[in-house]
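Worksheet for the structure shown next.
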Amino acid sequence: MSVAPFGRRTLAVAQRRALGPYVALTAPDPDGPAPEPGQFYMLAAAQRWGGGDDERPFLPRAFSVMRAGPAGLEFLLEVVGPGTARLCELGPGDGLHVVGPLGLGFDPPDEGRRALLCGGGAGIAPLAIWQDALLAAGRPAAALIGFRDGAHARAGVLLANPRVATDDGSTGHHGLVTELLESELDADPDAAIYACGPPAMLEAVRALAARRAVPAQLALEAGMACGFGACFGCVVPLAGGGYARTCVDGPVLDAAALAEVPAA
Amino acid sequence: MSVAPFGRRTLAVAQRRALGPYVALTAPDPDGPAPEPGQFYMLAAAQRWGGGDDERPFLPRAFSVMRAGPAGLEFLLEVVGPGTARLCELGPGDGLHVVGPLGLGFDPPDEGRRALLCGGGAGIAPLAIWQDALLAAGRPAAALIGFRDGAHARAGVLLANPRVATDDGSTGHHGLVTELLESELDADPDAAIYACGPPAMLEAVRALAARRAVPAQLALEAGMACGFGACFGCVVPLAGGGYARTCVDGPVLDAAALAEVPAA
Amino acid sequence: MIDLCGLALEHPILNGSGTYDAIAARRAFGDALLDAFPFSAFVSKTITLEPRAGNPPPRLYETPAGLVNSIGLPNKGLRGYVEEDLPQLAALPVPLVTNVMGSTAAELVALVEALDDRDDVAAIELNVSCPNVRTGLDIGSDPDELAAVLRAVRPRTRRPLVVKLTPNTADVARTAQAAEDAGADAVSLINTLRAYAPHPRRPASPWLGAGAGGLSGPAVRAVALAQVRAVAARVAVPVVGMGGIQTGAHAAQFLSAGATAVAVGTESFRDPAAATRIRRELHDFLAKSGVSRSMAVHTPDS
Amino acid sequence: MIDLCGLALEHPILNGSGTYDAIAARRAFGDALLDAFPFSAFVSKTITLEPRAGNPPPRLYETPAGLVNSIGLPNKGLRGYVEEDLPQLAALPVPLVTNVMGSTAAELVALVEALDDRDDVAAIELNVSCPNVRTGLDIGSDPDELAAVLRAVRPRTRRPLVVKLTPNTADVARTAQAAEDAGADAVSLINTLRAYAPHPRRPASPWLGAGAGGLSGPAVRAVALAQVRAVAARVAVPVVGMGGIQTGAHAAQFLSAGATAVAVGTESFRDPAAATRIRRELHDFLAKSGVSRSMAVHTPDS
Ligand SMILES: Cc1cc2nc3c(=O)[nH]c(=O)nc-3n(C[C@H](O)[C@H](O)[C@H](O)COP(=O)(O)OP(=O)(O)OC[C@H]3O[C@@H](n4cnc5c(N)ncnc54)[C@H](O)[C@@H]3O)c2cc1C
Ligand SMILES: Cc1cc2nc3c(=O)[nH]c(=O)nc-3n(C[C@H](O)[C@H](O)[C@H](O)COP(=O)(O)OP(=O)(O)OC[C@H]3O[C@@H](n4cnc5c(N)ncnc54)[C@H](O)[C@@H]3O)c2cc1C
Ligand SMILES: Cc1cc2nc3c(=O)[nH]c(=O)nc-3n(C[C@H](O)[C@H](O)[C@H](O)COP(=O)(O)O)c2cc1C
Ligand SMILES: Cc1cc2nc3c(=O)[nH]c(=O)nc-3n(C[C@H](O)[C@H](O)[C@H](O)COP(=O)(O)O)c2cc1C
Ligand code: FES
Ligand code: FES
């Protein structure tokens with residue numbers, strides 16, 4: 001786990017790229033350490049964060065790092081509310097408040113197990129940096145990704161030769177990405193699943209992994225206020241009872257440890 | 001008094017012009033009536049009004065109409081806080097929420113009295129449209145205007161051959177605009193004063209007018225929440241006791257009616 | 001149609017007392033105000049027995065998503081209201097609710113008796129957020145004191161009595177219960193939260209001429225919803241909910257919390273016709289999200 | 001140096017209980033946290049006799065300029081705190097204030113007695129915003145009940161007792177007075193305002209797993225300032241003021257209101273080092289606006 005510099009720092013957005021309906025933001029982070037795959041950052045626009053008709057956003061928002069390199073940190077954003085809407089407006093030169101990298105990332109698969117990366121929508125973001133790392137380490141890392149439709153599926157370019165599923169069949173397999181996952185497991189059960197996406201998809205992956213007795217690491221999302229363990233707001237229920245804080249005990253958690261993936 | 005359309009409407013800013021440290025905004029107002037000199041509008045940016053570090057502005061802000069014509073409504077803004085800062089960022093195409101024209105404007109001078117327009121800083125705004133009206137009616141309308149320094153004095157171009165005073169003497173008379181007013185009254189006491197500017201200046205004008213027994217109409221400023229008489233927040237103390245609402249009983253009030261011009 | 005303790009209302013959106021001066025608005029906006037009057041009943045600002053000038057300025061302080069005011073209930077007094085304002089307010093296209101305040105039961109009795117035979121007054125709202133001269137606390141913050149006042153006032157008028165509860169209390173449901181037991185026909189809340197506004201440049205001095213004030217606007221909405229829910233769960237009389245309502249969705253939240261009607265206050269300052277928009281949004285919102293029929297409202301004609 | 005009921009503090013800025021987990025922050029930010037520790041004393045989150053899992057999620061709801069939370073005081077219980085957390089918290093570079101809560105005097109007595117002989121615990125803060133099992137109201141909202149609890153607790157520890165007052169009361173100055181009379185060495189306020197968060201898409205259902213919650217952040221600042229002023233004017237013991245502090249100017253407003261120290265809560269969520277910035281801003285602000293010496297603070301070494 002990479003330790004974050006203490007406190008919030010302000011980066012300058014270098015690039016804004018549209019990928020179908022998604023937006024990819026790049027911001028150089030000279031003072032930050034290299035994040036590990038699966039870690040995340042708390043982001044807020046340096047200017048005009050908040051206000052507007054519902055006076056939100058007020059708190060920062062959590063985003064998985066999609067890639068990190070000489071060009072800077074890369075994030076993949078989908079507009080779902082006022083915070084993501086504001087962040088997606090940012091362009092070159094705009095200030096971006098960041099805290100991070102935060103949380104615990106992915107662990108490599110045991111020897112003999114091949115990684116199956118299973119992503120849905122913006123949830124493909126952490127899988128991109130994880131696939132890079134696995135391939136660089138000479139390990140297989142097949143990507144199975146699902147989207148609403150062909151327009152959203154354009155974000156598929158972020159991963160190396162992915163198998164794509166769309167709800168409307170406009171691109172790739174007509175159906176759910178978990179169906180692709182099943183077929184992969186049928187072909188070769190010695191796999192380790194790495195999944196990120198909407199709660200319903202993650203819950204399906206959790207149940208499937210349990211049924212097939214295949215190890216699975218899930219990169220979870222939860223409403224967060226702080227991202228560093230201060231507020232106790234981001235909890236998920238554990239199989240053994242009680243709760244874990246997504247931000248410090250996760251966001252990547254072992255599927256077997258979870259009671260369920262709570263609906264958003 | 002021009003009656004305002006009921007409710008808030010959204011205009012598109014057509015032009016943003018810098019005049020020294022001031023900003024002049026122009027916005028066509030197809031559905032609005034022609035305002036009368038001395039009336040004002042409640043303005044707010046249609047986008048991102050509020051938020052930011054102190055989460056303000058929340059309420060709209062009041063601005064005198066500086067000019068109104070085929071090009072649209074013109075306002076002269078000085079940045080003094082979050083609301084004016086946000087409004088001064090607006091450029092062509094940006095949305096501007098407006099309510100107005102509101103309040104009671106200037107009354108013409110009695111026959112035989114020449115208008116002396118006395119303005120300080122952004123307070124010259126309502127005097128510009130008033131001078132236009134007086135000159136168009138074939139009445140004299142001498143403008144005496146005061147500024148901090150030469151940079152601010154560049155807004156003087158908004159008035160027809162003004163006498164200018166600056167605090168630092170970098171342009172025109174080195175001193176207060178009220179000194180110019182005194183000299184004009186010495187030359188010819190049969191005048192009617194129309195003043196707008198900082199509270200201290202208006203209070204000086206009020207006292208001077210009382211001493212010289214010259215009629216004076218003051219365009220007052222006060223913190224406002226609504227601008228249409230709903231909140232009772234914008235009051236000024238009356239000479240006869242009690243208070244008047246600046247927004248509906250003013251903003252132009254007879255100097256003789258005021259107990260004092262309260263400091264901001 | 002909505003029945004609010006005998007008042008038949010076209011839709012559930014009223015104004016908060018003291019946040020709309022229909023007479024001044026009529027001057028500013030002309031007949032357009034009457035043609036598209038935003039509220040289903042008009043609530044007057046608080047009237048007292050004697051005229052009040054109100055507090056010295058400044059009276060307004062903007063806070064994050066809110067407003068602190070120390071207006072101080074300026075009004076012409078009962079006589080001025082009845083003679084000058086009532087005829088004009090009676091000409092509004094909606095029923096009139098007259099809001100009154102007294103610091104003693106005797107004052108309130110005099111006020112309601114004087115209004116009782118004015119048929120133009122459809123209902124009377126009692127503002128019990130007035131500080132008790134003895135304790136400095138709001139009269140309405142002590143259930144027993146509130147009940148005593150109401151028992152004195154209730155018999156003196158045939159008009160429906162709406163009690164505007166104070167939010168500055170430990171157990172607003174208990175004061176609401178006391179109001180209901182003592183004969184209130186409805187309750188309304190929340191009034192402003194007691195608040196302080198420091199001078200923006202001199203932290204040690206107050207900004208407001210009166211020293212302290214009351215907080216309203218979006219900042220208080222979550223507090224208002226909690227209080228409205230607590231009260232609606234406790235009393236049988238209808239509840240008028242308010243506090244930071246800015247959209248139809250917010251109005252729906254208050255209706256869902258158990259309110260029979262809602263009131264718009266501070267948001268009207270941002271747009272004099274905000275309540276008309278809120279009414280339309282509420283209608284569309286309920287149509288979409290199929291919330292309980294009881295909340296159905298008519299579309300604005302506009 | 002500031003003297004807060006016996007604690008010698010480097011500067012007047014503490015954390016609000018439950019808004020900073022120094023142990024988790026140490027893992028996230030490493031030694032940098034200790035090198036530039038933002039607070040002059042560290043206040044633990046609320047500890048109860050038995051472990052608590054806390055409330056079901058969602059636990060957070062963002063409101064205009066505020067946050068409604070229903071965390072539900074998750075904690076390891078007294079034993080887990082003493083055995084697992086205390087050793088790590090004792091290693092912090094500042095004094096430790098342990099915040100405890102009990103729903104009965106007996107529980108509180110057991111808690112303070114267990115902490116009394118831990119020299120690592122510089123002071124004990126009592127969270128009396130806990131709902132009374134009988135009335136559902138906060139214990140701290142009834143002066144007599146509060147005094148009774150304190151009289152039971154006070155003799156059982158030599159540590160300074162800070163009473164964290166509830167803001168959900170009609171007369172917070174009176175409860176503060178009761179706390180002082182019953183032996184409190186200091187009082188702190190405000191805790192969160194009782195609030196409700198509706199589901200963003202279904203107005204009729206609650207968003208928070210626990211149903212209701214408490215409001216904090218800039219939205220409550222004006223209310224907090226009013227309560228801190230009222231309390232500081234009434235009691236002689238030092239006051240720790242909090243509620244929506246985001247800047248040094250805000251901190252100065254609370255100090256001017258009579259607080260001896262202030263606490264930063266929600267703002268730390270927006271920036272883990274916010275308190276360090278606030279401390280610097282406060283220092284510069286006081287230097288410029290020459291506010292009373294008593295408020296002078298040391299510059300952050302950073
Ligand atoms: C570890 C982590 C990694 C993430 N990575 C990514 C990523 O790579 N890309 C990406 O696009 N997203 C990512 N997310 C999700 C992202 O953080 C959210 O989409 C974002 O916070 C939404 O903020 P918003 O203001 O746009 O929408 P919001 O209005 O905050 O709505 C988002 C959700 O929050 C709930 N909600 C609605 N209103 C409120 C309210 N008032 N208070 C509280 N909750 C409310 C609703 O369930 C809604 O669906 C990640 C989340 C986590 C925790
Ligand atoms: C009728 C009328 C006409 C006007 N015409 C013009 C014009 O033509 N051009 C122009 O530039 N200006 C004009 N003004 C002044 C203009 O409305 C103010 O400058 C503007 O409202 C400032 O808003 P702000 O957010 O920028 O500053 P604010 O932060 O609102 O500060 C403005 C003043 O308000 C006070 N203040 C500070 N903080 C607060 C707070 N939290 N709550 C309440 N008050 C606070 C202080 O005294 C401060 O000096 C006019 C005002 C009126 C009433
Ligand atoms: C400027 C102002 C003046 C008010 N005057 C009164 C009043 O005279 N009588 C009263 O009962 N409530 C008064 N209120 C309280 C409002 O009626 C309402 O209860 C409160 O503002 C909460 O609603 P809001 O958040 O929508 O404004 C006033 C509120 C404001 C902001
Ligand atoms: C997420 C969260 C958790 C909190 N937990 C506690 C707690 O455990 N004990 C307590 O006494 N106060 C708790 N509080 C209240 C804060 O200590 C503080 O009193 C309040 O948030 C006001 O300060 P602020 O506006 O700066 O956050 C909590 C507040 C928040 C936002
Ligand atoms: S987001 Fe605050 S503890 Fe996880
Ligand atoms: S600004 Fe509201 S009454 Fe004048």
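Sequence lines set the chain letters: A, B, ... in the order given, protein chains first and strands last, and positions in each chain run from 1.
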Interface moiety of V99(A) toward chain D, non-hydrogen atoms closer than 4.5 Å = side chain

What closest approach, in Å, do G7(A) and A273(D) show between heavy atoms, and which atom pair accounts for it?
-> CA-CB, 3.6 Å

Region of F228(A) in contact with chain D, defined by heavy-atom distances below 4.5 Å = both

Which answer fits A44(A), side chain, backbone, both or neither, if we ask what part of it has an atom under 4.5 Å from a heavy atom of chain D?
-> neither

Can you tell which part of R9(A) gets under 4.5 Å to a heavy atom of chain D, answering side chain, backbone, both or neither?
-> neither

Can you spot which of L60(D), I71(D), N55(D) makes a side-chain contact (heavy atoms from CB on, under 4.5 Å) with F232(A)?
-> I71(D)

T266(D) versus F58(A): any side-chain heavy-atom pair under 4.5 Å?
-> yes

For P262(A), is it the side chain, the backbone, both or neither that has a heavy atom under 4.5 Å from a heavy atom of chain D?
-> neither

Which heavy-atom pair separates D271(D) from R8(A) by the least distance, and what is that distance?
-> OD1-N, 2.9 Å

With a 4.5 angstrom heavy-atom cut-off, could you sort out which part of L102(A) is near chain D: side chain, backbone, both or neither?
-> side chain

Can you tell which part of P56(D) gets under 4.5 Å to a heavy atom of chain A, answering side chain, backbone, both or neither?
-> both

Mind checking which of residues 16-29 of chain D sit less than 4.5 Å from chain A, heavy atom to heavy atom?
-> G18(D), T19(D), Y20(D), D21(D), A24(D), A25(D), R27(D), A28(D), F29(D)

Would you confirm whether E62(D), through its side chain, and L59(A), through its main-chain N or O, come within 3.5 Å as a donor-acceptor pair?
-> yes

Calculate, to the nearest 0.5 Å, the distance between atoms CZ and SG belonging to R270(D) and C226(A) respectively.
-> 13.5 Å

Between chain A and each of G66(D), P51(D), P38(D), S268(D), count heavy-atom pairs under 4.5 Å; write down the option with the most.
-> G66(D)

Please determine, among P60(A), G223(A), G242(A), C231(A), the option with the most heavy-atom pairs under 4.5 Å with chain D.
-> C231(A)

Side chain to side chain contact (heavy atoms under 4.5 Å, CB included) between F6(A) and D35(D), worked out = CA-CA 10 Å; F6(A) 179 48; D35(D) 301 343; over 6 Å; no

Smallest separation among heavy atoms of F269(D) and A230(A), with atom names = CE2-CB, 3.9 Å

